[in-house]
Amino acid sequence: MQEHRLPDLSGVTGEVRMRLAPSPSGPLHVGHSRMAILNDEYVRRYGGKLFLRIEDTNPANIDLDAYHLIPEDLEWLEVKVHEIVVQSKRMSVYYKEAKKLIERGSMYICECDQPVFKNYKLHSEACPHRDRSPEENLDKFEKMISGGFSKGTVSAVVKTDLNHPNPSIRDWIAFRVKEETHPLTGKTYFAYPMMNFSVAVDDHYLDLTHVIRGKDNLSNTEKQSYVFQYMGWKKPHYYHYGLVHIPGTILKTSIIKKGIRDGTYSGWSDIRLGTLLTMKRRGYRPETFRKYWVASGMREIDSEFSWEIFNSINREIIDPGARRLWFVPNPVQLKIEGGIDLKSSAPFHPGNPALGDRTYNLGSDPDIFIPEKDWAYIQENERFRLKDLCNVIRTHTGIRYSDNSHDDLKKVKIVQWSPSGSSDFKVEKPDGAVDTGKIEPLFSGVKGVSQFERYGYVNIDPEKNVGYFLH
RNA sequence: GCUCCGAUAGUGUAGUCCGGCCAAGCAUACCGGCCUUUCAAGCCGGCGACCCGGGUCCAAAUCCCGGUCGGAGCACCA
């Protein structure tokens, strides 16, 4: 893989200060890894600080485990976080800044019903509360944050431009009342900031120089810029990368959570999911994520995630250490007739002799296993090779030893096999399928990712006679 | 519908800001060959792209306009 290099950031005057801002709804998945890697790459390039800011201002959408799972995921990804900031611990800051905005006449308290307010905006009209005095707004805001309003009856709104072509940017909501218990702060707060408000305030307080995020935030950037403008704050440089569609895996936290609850999935690292936990379990390496996302760059084009390329990067990393093993899915048991004493010796890695060999003395007329799938295509009287063992001929009833010539290896079908003392082994695949079969006895000394010959790379869990299919 | 963004081979990208070194580089996939006791890895070779139409210019993948297609956002999620 060619070494790609991310473009330089503009406006760098020394060290940079950047952030990762996930919401704690669950652990990170492949999609999240992009923003983490991209930000980390730049902080490494220029030096500076990378903040992990946990955006937990919506108590309805928080998973307590995420508070530790996210930092763990990042650590695994080798993303260096310098400081963790939790938004729910900064509520007083948001309140303080909101009051400033109110005093300046840039924020008001609206008591319209939701659909009514929406309708005003749609028609570029001011709602009846828009021109209240700062004093009245301040009173209402105090009442709001001290629990004097119930959910849905009130909101704090940032004044923007009622004639803005994008209706969502016209007078956007900055605070609303939430009655759910917050997993961290409990019932302490009644009014929570909306993402666009807390993000603007924190990006300023953290003195960020650059913000890199997905282009789904394009209109958020515009909303947030009003706060920067009213406060006279200096804006960071923004970059928005295109959206990536990641095919063939399950990423949506809400779906995963539901699946875990109803027993569809075994947990956050269920083999079918696209969480980092799952990918780690399957044997993907953190360097793979880094290389892939750096190669993908930062352009605003939407793209399709390529498992093909991702896997190829990963293969390059893991192959040198991946021991070759014989795994026989759906085994057929056969006796090699002919009365010949048979012995097999094969390297754990043909390109890396240092990893040693595995040797089996089979004796004469041994029983072995071969894949049913291969057996089905072998004709009677056909001669084929058991890899690293000998050539055999299919007879009317089974197989018979033929010879051990290496002369026509290119012409003859070569099949993997495993000796009669093999263990039962299961491979769980990302599509939910499970292959059961036999694995050669010496697998027990092998840890981590190995290559099952003619099958694929598998991450072995030595405790359980189970492997997780990698690619 | 409205607002915004984008468009380079099957896929992922480099180049686009500051037009010429791009008859377009790389990776992956695919095809062929070599090597190899794997449908793994490696080596060599090959196939394959600037969305369309105008304009500016000596010169356009690169700048401008129009179109087409794709994507995102759309208001008490982050």
Side-chain angles (χ1 to χ4, degrees), chain A residues 1-5 7 10 21-25 54-58 60-62 87 110 112-115 117-122 151-157 164-178 191-196 198-199 213-223 240 242-245 253-254 291-292 294-297 299-313 315-316 319-320 322 324 326 344 346-347 349-352 385-391 404-406 408-410 412-416 451-457:
Chain A
M1 186 98 194
Q2 187 200 0
E3 287 308 318
H4 285 259
R5 190 173 193 273
S10 61
S23 70
S25 52
I54 303 211
E55 309 216 322
D56 57 348
T57 52
N58 179 7
N61 184 32
I62 296 173
Q87 289 195 315
C110 168
C112 295
D113 280 345
Q114 226 178 105
F117 182 68
K118 203 182 264 191
N119 201 45
Y120 281 123
K121 283 176 58 165
L122 208 52
K151 184 178 177 173
T153 60
V154 68
S155 59
V157 179
H164 194 286
N166 183 350
S168 82
I169 292 175
R170 299 173 194 156
D171 283 26
W172 51 268
I173 292 175
F175 286 85
R176 79 297 208 195
V177 172
K178 282 278 176 184
Y192 291 88
M194 297 290 290
M195 171 261 205
N196 277 308
S198 50
V199 163
R213 52 181 175 179
K215 76 177 196 187
D216 48 322
N217 284 300
L218 241 18
S219 64
N220 289 325
T221 300
E222 201 176 342
K223 290 183 194 179
H240 300 92
L243 258 91
V244 194
H245 173 243
T253 308
S254 54
K291 282 192 175 167
Y292 185 86
V294 168
S296 296
R299 304 209 308 162
E300 278 189 27
I301 344 164
D302 302 327
S303 61
E304 180 91 353
F305 184 85
S306 171
W307 287 101
E308 209 171 78
I309 290 175
F310 191 75
N311 288 343
S312 137
I313 296 171
R315 178 160 46 233
E316 210 172 283
D319 184 78
R324 271 55 175 169
W326 287 317
S344 162
H349 196 302
N352 187 358
R385 180 160 184 85
L386 300 171
K387 188 169 183 278
D388 296 306
L389 180 61
C390 65
N391 302 317
N404 198 13
S405 161
H406 296 181
D408 50 3
L409 288 172
K410 282 183 192 72
V412 86
K413 185 176 175 66
I414 298 172
V415 184
Q416 87 273 30
Q451 188 202 99
F452 290 3
E453 294 198 34
R454 301 181 69 238
Y455 180 81
Y457 293 88

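Lettering of chains follows the sequences in order, A, B, ..., and the numbering in each one begins at 1.
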> Is a donor-acceptor contact shorter than 3.5 angstrom present between the side chain of R324(A) and the base of A40(B)?
Replying inline: yes
> Considering every strand shown, what is the Watson-Crick or G-U wobble mate of U11(B) when both distances are under 3.5 Å?
Replying inline: A27(B)
> With respect to the side chain of R315(A), which nucleotide from C76(B), A40(B), A75(B) is positioned closest?
Replying inline: A40(B)
>> Can you identify which nucleotide, out of A7(B), U37(B), U28(B), has its nearest atom closest to the E308(A) side chain?
In response: U28(B)
> Nearest to the side chain of Y292(A), which nucleotide is it out of C77(B), C35(B), G12(B)?
Replying inline: G12(B)
> OP1 or OP2 of C76(B) less than 4.0 angstrom from a side-chain nitrogen or oxygen of Q114(A), does that happen here?
Replying inline: yes
> Mapping S219(A) and I169(A) to their closest nucleotides on RNA chain B, which lands nearer the 5' end?
Replying inline: I169(A)
> What integer number of Å spans the C1' atoms of A78(B) and G73(B)?
Replying inline: 14 Å
>> Pick the closest RNA chain B nucleotide for P193(A) and for E304(A) by heavy atoms, then say which residue is nearer the 5' end.
In response: E304(A)
>> By nearest atom, which of the nucleotides C35(B), U37(B), G71(B) is closest to the K215(A) side chain?
In response: G71(B)
> Can we call the ring centroids of F310(A) and F305(A) under 6.0 Å apart?
Replying inline: yes
> Any side-chain N or O of R385(A) under 4.0 Å from OP1/OP2 of U38(B)?
Replying inline: no
>> Suppose we define a pair by two distances each less than 3.5 Å, Watson-Crick or G-U wobble; what does G66(B) pair with here?
In response: C52(B)
> If we call it a pair only when both distances are under 3.5 Å in a Watson-Crick or G-U wobble match, what pairs with C34(B)?
Replying inline: G42(B)
>> The side chain of M195(A) is closest to which nucleotide in this list: A78(B), U38(B), U3(B)?
In response: A78(B)
> Do any side-chain nitrogens or oxygens of S312(A) fall under 4.0 Å of OP1 or OP2 in A29(B)?
Replying inline: no
> How close or far is atom P of A40(B) from atom CD of E453(A), stated in whole angstroms?
Replying inline: 11 Å
> Should A61(B) form a Watson-Crick or G-U wobble pair with both distances under 3.5 Å, which nucleotide is its partner?
Replying inline: none
> CG of D388(A) versus C1' of U38(B): gap in Å, rounded?
Replying inline: 9 Å
>> So, OP1 or OP2 of C74(B): does either fall under 4.0 Å of a side-chain N or O from K121(A)?
In response: no
>> Looking at C47(B), which nucleotide sits across from it as a Watson-Crick or G-U wobble partner, both distances under 3.5 angstrom, or is there none?
In response: none
>> Just to be sure I understand the rule, does I301(A) reach a base, reach only the sugar-phosphate, or reach nothing, if contact means heavy atoms closer than 4.0 Å?
In response: sugar-phosphate
>> The side chain of D216(A) is closest to which nucleotide in this list: A75(B), U11(B), A78(B)?
In response: A78(B)
>> At 4.0 Å (heavy atoms only), tell me whether C110(A) reaches a base, stays on the sugar-phosphate, or touches nothing.
In response: nothing
> Hey, is the side chain of S25(A) poking within less than 4.0 Å of OP1 or OP2 on C77(B), counting only N and O atoms?
Replying inline: no
> Pick one: which of K223(A), Q87(A), E55(A) meets side chain to side chain contact (heavy atoms under 4.5 Å, CB included) with M195(A)?
Replying inline: E55(A)
> Considering only C4(B), G73(B), A75(B), which nucleotide approaches the side chain of L122(A) most closely?
Replying inline: A75(B)
> Should N404(A) and R385(A) be marked as a side-chain hydrogen bond (donor to acceptor under 3.5 Å, both in side chains) after you check the CA-CA gap, both sets of side-chain angles, and the distance that decides it?
Replying inline: CA-CA 9 Å; N404(A) 198 13; R385(A) 180 160 184 85; 3.1 Å; yes
>> Strictly by Watson-Crick or wobble contacts shorter than 3.5 Å, is anything paired with C17(B), and which nucleotide is it?
In response: none
> V415(A) and R454(A): which non-hydrogen atoms are nearest, and at how many Å?
Replying inline: CA-NH1, 3.6 Å
> For C4(B), which nucleotide is its Watson-Crick or G-U wobble mate, given both distances must be under 3.5 Å?
Replying inline: G71(B)
> Between A78(B), G6(B), A75(B), which one does the side chain of N220(A) approach most closely?
Replying inline: A78(B)
> Among U38(B), A41(B), A78(B), which is the nearest nucleotide to the side chain of T57(A)?
Replying inline: A78(B)
> When you measure from the side chain of N217(A), which nucleotide among A78(B), A75(B), A29(B) comes out closest?
Replying inline: A78(B)
> Which part of the nucleic acid does F310(A) contact within heavy-atom distance under 4.0 Å: base, sugar-phosphate only, or nothing?
Replying inline: nothing
